2 protein chains.
Amino acid sequence: MTIPRPTVRRLSLYLREAESLLASGTRTVSSGELSLLLALTGAQVRRDLGHLGVRGRPGIGYRITPLIDRLRTALGVDRSRNVVIVGAGRIGRALIAYPRFGARGFRIVAVFDTDPKVIGRRLDAHIVYGLDDLESVIEKEDVEMGIIAVPEAVAESVATRLVDAGVGGLLNFAPCRLDVDAEVVDVDLSGSLEELAWAIAGRVDE
Amino acid sequence: MTIPRPTVRRLSLYLREAESLLASGTRTVSSGELSLLLALTGAQVRRDLGHLGVRGRPGIGYRITPLIDRLRTALGVDRSRNVVIVGAGRIGRALIAYPRFGARGFRIVAVFDTDPKVIGRRLDAHIVYGLDDLESVIEKEDVEMGIIAVPEAVAESVATRLVDAGVGGLLNFAPCRLDVDAEVVDVDLSGSLEELAWAIAGRVDE
DNA sequence: TAGTGTGAAGTCTTTCACAGCA
DNA sequence: TGCTGTGAAAGACTTCACACTA
């Protein structure tokens, strides 16, 4: 039972919405309600939740607590995971204390940089390590994921070192492809703005 | 001739790669070469470029200079566009001087915040404005796009003000849906990390 | 009655495979 | 010969529509 990638991306939205509904005292939600909140169709919501094996009750909808539990296990955020950030530049520093990471069980256990002026400095709760310590920290802290927030020029070499040290997943902010033997999710900031420029330019050929 | 959304997302990659090839002195590139560089298939590259009306030469490939020109006009980055950032927190500050925005013609013309301790302060080349100035600056500077880097609680009200003031496109970093009459591209940082967690958890139901 | 679960249909995207061309 | 451009096939995802049910 494999879940389509577009569904996976939506699971995150369902989880966020379900938690918010639970916080507001709601116990149960229908596919129609969720579809309005998230700008989807009811059929899509039912299909997506069906992929997870979540069953709703006709006439009622889905019970929120089991829904949240199932979403968490499906996304793999039902337990804590250790994460390192490589690159203590602007993007790296913005992510160090990003509260939503902590709320999903992603624990930033170390931050690395190559700049001697930054190494050893305290950023939020973290002392910045030199890149030399990468492998030892990853092993000691049982790191599962890495965030690449370094310049393009060194992104692939950093990625390779992370993967060789045992990291299985990379969140890549560098504007290039990472050719490594690990799962990679790219966050393409400029690409997203270009997609937006295309959309407002009228979506058509001039 | 409308371009599929998945193709649009790749156009940005082709543009990046083509510029890099041009810089290294290459004049011509085949679909096979591009597909290797970007981890796509040759057929996909040819189909994508075909959507743009770009023609290659059998036996040779695509001429890089016209390819770049065509990609730029298709993406709507063939001219400069004025952009504002709302929210001078960690994410907003990381984006103020993000060099790839400038390289694509996105000009950050103003940064806004509500925090009196930040308003009036200089961040890179920008003085932070109070939110009160939002509408006047947008009008004066002919702003086409806005970047939402504020907390979820105020994201939608900020978005509505931007759109009412005439901004046609929003890049949204807040973890919520923006229900506004404008093009919106979401950058879901936590969602991306959750997608990665799902991927390394084995992509299957336990 | 209000809402689920799901075959079947529809739509969108990718890939195949190959004629045609410089 | 090496590579394009593209019908046709395949595959992936979404939507329809409705029997079913608590």
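Predicted, not measured: the structure shown is a model, and the values here were computed from it. Chain naming here is simple, since letters A, B, ... match the order of the sequence lines and numbering starts at 1 in each.
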Checklist outcome for this item: For nucleotides 7-19 of chain D, 5' to 3', base contacts (B), sugar-phosphate-only contacts (S) and non-contacts (-) with protein non-hydrogen atoms under 4.0 Å give BB----SSB-B--
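Taking the six-membered ring where the residue is Trp, B/Phe106 and B/Phe101 present perpendicular rings, their angle passing 60° and hence far from 30°.
Salt-bridge annotation for B/Glu19 and B/Arg104: present, with a side-chain N of the basic residue lying under 4.0 Å from a carboxylate O of the acidic one. Salt bridge status for A/Arg16 with B/Asp188: present, with a side-chain N to carboxylate O gap under 4.0 Å. Salt-bridge check for B/Arg5 with A/Glu195: passed, with a basic side-chain N closer than 4.0 Å to an acidic carboxylate O.
Nearest heavy-atom pair across B/Val45 and B/Tyr14 is CA-OH, 3.5 Å.
Two residues are said to be in side-chain contact when any heavy atoms from C-beta on lie closer than 4.5 Å; B/Ile68 and B/Leu22 meet this criterion.
The environment of CG in A/Asp181 is sparse: at most 12 heavy-atom neighbours from other residues, nucleotides or ligands sit within 6.0 Å. For CD of A/Glu152, the number of neighbouring non-hydrogen atoms (other residues, nucleotides, ligands) closer than 6.0 Å is greater than 12.
Rounded to whole angstrom, the span from the CZ atom of B/Arg57 across to the C1' atom of D/dC3 amounts to 12 Å. When rounded to the nearest whole Å, the span between CG of B/Leu49 and C1' of D/dC3 equals 13 Å. The separation between B/Arg63 atom CZ and D/dT4 atom P is 15 Å, rounded to whole Å.
Think of the region where chain B sits on DNA chain C: with heavy atoms and a 4.0 Å cut, that region ends 5' and 3' at C/dT13 to C/dA22.
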